> 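Below is the structure I would like to discuss, written out as structure tokens.
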Amino acid sequence: MHVEIVESAALTTSQRDAVVTLCTEAYEEPFAAYLADIGPGVHLLGTVDGRLVSHVMWVPRVLYLDGGQVLHAAYVEAVATLPGSQGNGYATRLMRAVPALIDSFQLGALSPSDEAWYARLGWELWRGPLSVRERDTVVNTPEEEIMILRLPRTPSSLNVRAPLACDWRPGEVW
């Protein structure tokens, strides 16, 4: 598998279309609007014989610990592999490349579709309560779960049982 790192603004039209097609097939729902909602980021494109077979991206997000501490996170999104190519280790290979590529952030974060899959790659479940900030309101999101990846800049005192919040965004807030 050939891996290419491309910022959202540098994606060609055909690359963007391939990402949308891959994620639409993998998630079995339209993906174009979701991609627009999560905003610009960095994409890892895994191709085999010139065809996009696996994708990972991250976007910068600010997370807020109880007490007001701000954490700058690389929020991983759109981890997907074409259904016919799943089981070949493509997404695992992309995800194993992520830590070195996001090490300028304080931590990695994501909303897991399969907690065990991410845990085997070093991600840990956030155990504290989650909420979303929208204007002057904070709304608890008990139905959500996230996982984090500790990085070299992660505060050593980080407590995964503390309350954590994110800013509201269209689509999926976490």
Side-chain angles (χ1 to χ4, degrees), residues 5-11 13 15-45 52 54-81 91 94-95 98-99 101-115 117-118 121 123-151 153-155 158-174:
I5 303 166
V6 184
E7 292 190 24
S8 294
L11 284 173
T13 301
Q15 286 173 322
R16 185 186 182 288
D17 291 348
V19 168
V20 169
T21 298
L22 181 149
C23 291
T24 296
E25 289 182 31
Y27 293 118
E28 298 180 334
E29 60 185 57
F31 195 78
Y34 182 79
L35 186 60
D37 286 344
I38 59 178
V42 177
H43 301 258
L44 286 183
L45 307 174
L52 183 66
S54 196
H55 173 266
V56 171
M57 76 174 291
W58 61 89
V59 296
R61 292 195 73 186
V62 175
L63 303 179
Y64 306 91
L65 283 170
D66 192 37
Q69 183 180 2
V70 171
L71 294 170
H72 296 278
Y75 203 84
V76 174
E77 302 274 6
V79 178
T81 299
L94 293 181
M95 285 300 293
V98 167
L101 297 169
I102 65 171
D103 68 354
S104 64
F105 290 90
Q106 289 177 290
L107 75 155
L110 56 78
S111 177
S113 56
D114 182 345
E115 182 184 328
W117 190 84
Y118 290 101
L121 296 171
W123 295 77
E124 63 184 293
L125 187 64
W126 191 268
R127 306 243 178 236
L130 300 173
S131 59
V132 61
R133 299 167 24 146
E134 184 178 11
R135 296 184 190 96
D136 297 329
T137 306
V138 176
V139 177
N140 292 330
T141 56
E143 69 286 354
E144 300 289 343
E145 75 176 7
I146 69 158
M147 296 181 84
I148 64 152
L149 181 68
R150 294 175 189 266
L151 299 169
R153 296 187 63 221
T154 301
L158 184 65
N159 176 3
V160 297
R161 297 191 182 284
L164 187 68
C166 67
D167 288 321
W168 181 88
R169 67 177 181 177
E172 296 186 23
V173 294
W174 281 104

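Reckoned from all heavy atoms, side chains included, excluding hydrogens, waters and symmetry mates. This one's a predicted model, so the numbers in the text were calculated from it and none came from an experiment.
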> Are side-chain heavy atoms of Ile5 and Val42 found at a separation under 4.5 Å?
yes

> Could you give the distance from CG (Leu130) to OG1 (Thr141), rounded to the nearest 0.5 Å?
5.0 Å

> I'd like to check Leu158 versus Ile148 (side-chain heavy atoms, cut-off strictly below 4.5 Å). Are they in contact?
yes

> Does Cys23 offer a backbone N or O that forms a donor-acceptor pair with the side chain of His55 under 3.5 Å?
no

> Taking atom CZ of Arg61 and atom CG of Leu110, what is their separation to the nearest 0.5 Å?
11.5 Å

> Could you tell me which non-hydrogen atom of Ala162 sits nearest to which non-hydrogen atom of Leu65, and how far apart they are?
CB-CD2, 4.3 Å

> When you compare the side chain of Met147 with that of Leu121, does any pair of heavy atoms fall below 4.5 Å?
no

> For residues 17-27, which residue pairs pass the side-chain hydrogen bond (donor to acceptor under 3.5 Å, both in side chains) check, not counting sequence neighbours?
none

> Does the side chain of Pro129 reach to within under 4.5 Å of the side chain of Asn140, using non-hydrogen atoms?
no

> Would a distance-only check, ignoring hydrogens and angles, find a side-chain to backbone donor-acceptor pair under 3.5 Å from Tyr75 to Trp174?
yes

> Please round to the nearest 0.5 Å and tell me the distance separating atom CD of Gln15 and atom CG of Leu45.
5.5 Å

> Say whether, by atom type as modelled, one donor and one acceptor occur between the side chain of Arg153 and the main chain of Ser104 under 3.5 angstrom.
yes

> Look at the side chain of Ser111 and the backbone N and O of Ile146, then say whether any donor-acceptor pair between them is shorter than 3.5 Å.
no

> In the structure I gave you, are the side-chain heavy atoms of Glu7 and Pro40 within less than 4.5 Å of one another anywhere?
no

> Quick one: CG on Leu107 to CH2 on Trp126, what's the gap to the nearest 0.5 Å?
7.5 Å

> CG of Leu44 to CH2 of Trp58: how many Å apart, nearest 0.5 Å?
4.5 Å

> Is there side-chain contact between Pro155 and Leu71, with heavy atoms separated by less than 4.5 Å?
yes

> Is a side-chain donor or acceptor of Ser54 paired with a backbone partner of Ala80 at a separation under 3.5 angstrom?
yes

> Drop me the distance from His43's NE2 to Leu35's CG, to the nearest 0.5 angstrom.
5.5 Å

> Within the distance-only criterion (no hydrogens, no angle test), does the side chain of Arg169 pair as donor or acceptor with the backbone N or O of Glu172 below 3.5 angstrom?
yes

> Find out whether Trp123 and Val76 are in side-chain contact, i.e. whether some heavy atom of one side chain is under 4.5 Å from a heavy atom of the other.
yes

> Can you check whether His72's main-chain N or O pairs, donor with acceptor, with Gln106's side chain at less than 3.5 Å?
yes

> Do Val160 and Arg150 touch side chain to side chain, with heavy atoms closer than 4.5 Å?
yes

